[in-house]
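See structure below.
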Amino acid sequence: MYIRRSLLFFLMVITRFAPSPTGRFHVGVARTALFSYLWAKKNSGKFILRIDDTDKERSKKEYEEEIKEGLKFLGIEWDFEFRQSERIEIYQKIAFQLIKDGYAYKCYCTPEELERYREEALRKKISPKYPGICRNKKQEVDEAKPFAIRFRVPEEEFEVEFEDIVMGKIKVKTVDIEDFTLLRSDRTPTYNLASCVDDADFKITHIIRGADHISNTPKQILLFKVLGHIPQFAHIPLVLPDEGKGKISKRAEKEISEIYISELKKDGFLKEAIVNHLARLGWAYGDKEIFSIDELVKLFDIKDINRSPARYNFDKLYWLNSEWIRILDDREIVQRLKDFMNIQDEPKVLSIIPQVKVRVKTLKEMAEMIKPIFGITMYDEEGKEKFLKNEKAKKVLEEIVVELEKIKIESENARAEFDKMMKNIAEKYGEKVVFVAQVMRMAIYGKLVSPPLFDVIKVIGKENVIERINSAIKLIEHQNQK
RNA sequence: GCCCCCAUCGUCUAGCCCGGUCUAGGACACCGGUCUUUCAAGCCGGGAACGGGGGUUCAAAUCCCCCUGGGGGCGCCA
């Protein structure tokens, strides 16, 4: 499916997200994907997914899968996708053509030699760029020796200048740009070559990528000029980890699993919240905090992105997630809950959602809070110790059984009757209502925390509740015997 | 060492471009209070920032310079 070349084609915004499948899909990468996607959508353009897998050593299929799954989960859909490994011949052809046209040359320096130059330069504290040894060598010599192909940066001293949509005007002198490699000695293309060729071929209008690519841009512009297509650039500041130093990808190998999209999904974060949070990192729209993806498409603008790096902030993500749990329709919540618990009786779950959704921050927590409705698998130890122990608790429970029998749960004023019952029992045993409530909560839910008791009873059903209370009574008796 | 970028509460940010309306606004987090059968949520309130130094100007968070601090890059990685 190739994008048709038409008049529209030249006006259309085309962005791309070009991850290299050499690592997991984390929030930093996801944000650049999101921004590229938003910009394309906002302009009714196209969004391309390009897998930059020219590094065959490090590229892994599993990472590619994780990236795609992550994008799908977040709702970032692409119009077209391809892999650079499928286009190797194209890059090679162009590299050799560039030699013919005088824009590139063969470099016979060995990796070992280059490494030596580098180390020496670093030791002498001078710029470790390629010294241009092969630049003026006769090109036909040593045809049998392995060679790489390097770009010939113009001799004249001038400034390569570009207007970055986010960063503003950036100028770099040609003397500060080295003769970068286009094709390796094993004939595989480097990132700079493959990336520019593709961006030119697919007529990418806006390259939106991380700020770590700023220093590649002047090189690429030189190459783009030769290729005849220069996109606009928008370099977005990197996302910094929650704490500590260095960029997120360098810390990614470490223990922080919360930065991976797949982990966030597993932990019960909603795509709405993640997207919302990602968008607000380095971008704002007045005082507005909650953005749906549709609103983002409308309101987002690359030029409003901040130039300073933002720190990833879990507290805010949690807050946004709880907000989104409340915003989403209860039926939708039930569907999404299926990844976290087995749901046979949907209506039952649905009926308790309103009481649960204000109490949790993630779907995972939500599932945990709902599960006891279908049966107590174990009693909370601390709660058992506190409320399911002595004779008084037993008496209270027995009393509850008797009184509960009298209440018609479905009737109009059942809730009021229930409240009155609790109060009366508390008074009778010289306790506060809290005590009675907690004893009951432990008996029917097995936990110290639950949705309001009356709602729980309604969902579980009076018969089952009484059964559970009787089990709890037996538990107390059993413990007292010991 | 060289190159590029940045700098407002702890964090994300509004304001900065087009100086006065900023006794610097919002949000998260935090701390009080209130409500309450648990836990939350809600409501009310609180503390909390223009990195430092020079200019320019009647007036600077806003413009200029220096310093400091932070980030990124300097591969036959992407």
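Protein chains get the first letters and strands the later ones, always in sequence-line order, with residue 1 at the start of each. Just the heavy atoms: all of them, side chains too, but no hydrogens, waters or symmetry mates, feed the values below.
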Report the distance from atom CG of A:Asn192 to atom P of B:G73, rounded to the nearest whole Å. 14 Å

Taking for each residue the nucleotide of RNA chain B bearing the nearest heavy atom, is the 5' side occupied by A:Gly282 or by A:Asp55? A:Gly282

Taking for each residue the nucleotide of RNA chain B bearing the nearest heavy atom, is the 5' side occupied by A:Arg118 or by A:Pro189? A:Arg118

Pick base, sugar-phosphate or nothing for A:Ser450, based on heavy-atom distances below 4.0 Å to the nucleic acid. base

Check whether any side-chain nitrogen or oxygen of A:Thr110 sits under 4.0 Å from OP1 or OP2 of B:C76, and answer yes or no. no

Would you indicate, yes or no, if B:G73 has its OP1 or OP2 atom less than 4.0 angstrom from a side-chain nitrogen or oxygen of A:Ser215? no

Whole-Å C1' distance, B:U21 and B:A59: 14 Å

Closest nucleotide among B:A27, B:C4, B:U37 to the A:Ile214 side chain: B:C4

Report the base-pairing partner of B:G69 (Watson-Crick or G-U wobble, both distances below 3.5 angstrom), or none. B:C6

Pair assignment for B:A27, Watson-Crick or G-U wobble, requiring both distances under 3.5 Å: B:U11

Quick check: do A:Cys134 and A:Phe147 have side-chain heavy atoms less than 4.5 Å from each other? no

Determine the Euclidean distance between corresponding C1' atoms of B:A14 and B:C3; express it in Å to zero decimal places. 33 Å

Quick one: label A:Asn216 by what it contacts on the DNA or RNA (base, sugar-phosphate, nothing), any heavy atom closer than 4.0 Å. base

Closer than 4.0 Å, any side-chain N/O of A:Arg307 to the OP1 or OP2 of B:C6? yes

Under 4.0 Å between any heavy atoms, over every strand shown, what does A:Met422 touch: base, sugar-phosphate, or nothing? Just pick one. nothing

Less than 6.0 angstrom separating the ring centers of A:Phe300 and A:Phe35, yes or no? yes

Report yes if the distance between the aromatic ring centroids of A:Phe82 and A:Phe202 is under 6.0 Å, otherwise no. yes

Out of B:G72, B:C2, B:C76, minimum distance to the side chain of A:Arg184 belongs to B:C76

Compute both the distance and the angle, then confirm whether A:Lys384 meets the cation-pi test with A:Tyr379: under 6.0 Å from the six-membered ring centre, within 45 degrees of the axis. no

Using atom C1' in both nucleotides, what's the gap between B:A60 and B:G53 to the nearest angstrom? 15 Å

Nucleotide nearest A:Ser20 (side chain, heavy atoms from C-beta), chosen from B:A40, B:C3, B:A78: B:A78

Give none if B:C74 has no partner; otherwise give the nucleotide forming a Watson-Crick or G-U wobble pair with it, both distances under 3.5 Å. B:G1

In whole angstrom, give me the gap between the C1' atoms of B:G46 and B:C5. 38 Å

Euclidean distance, atom CZ of residue A:Arg16 to atom P of B:A78 [Å, nearest integer]: 14 Å

Without swapping roles, check the side chain of A:Asn321 against the backbone of A:Gly268 for a donor-acceptor pair under 3.5 Å. yes

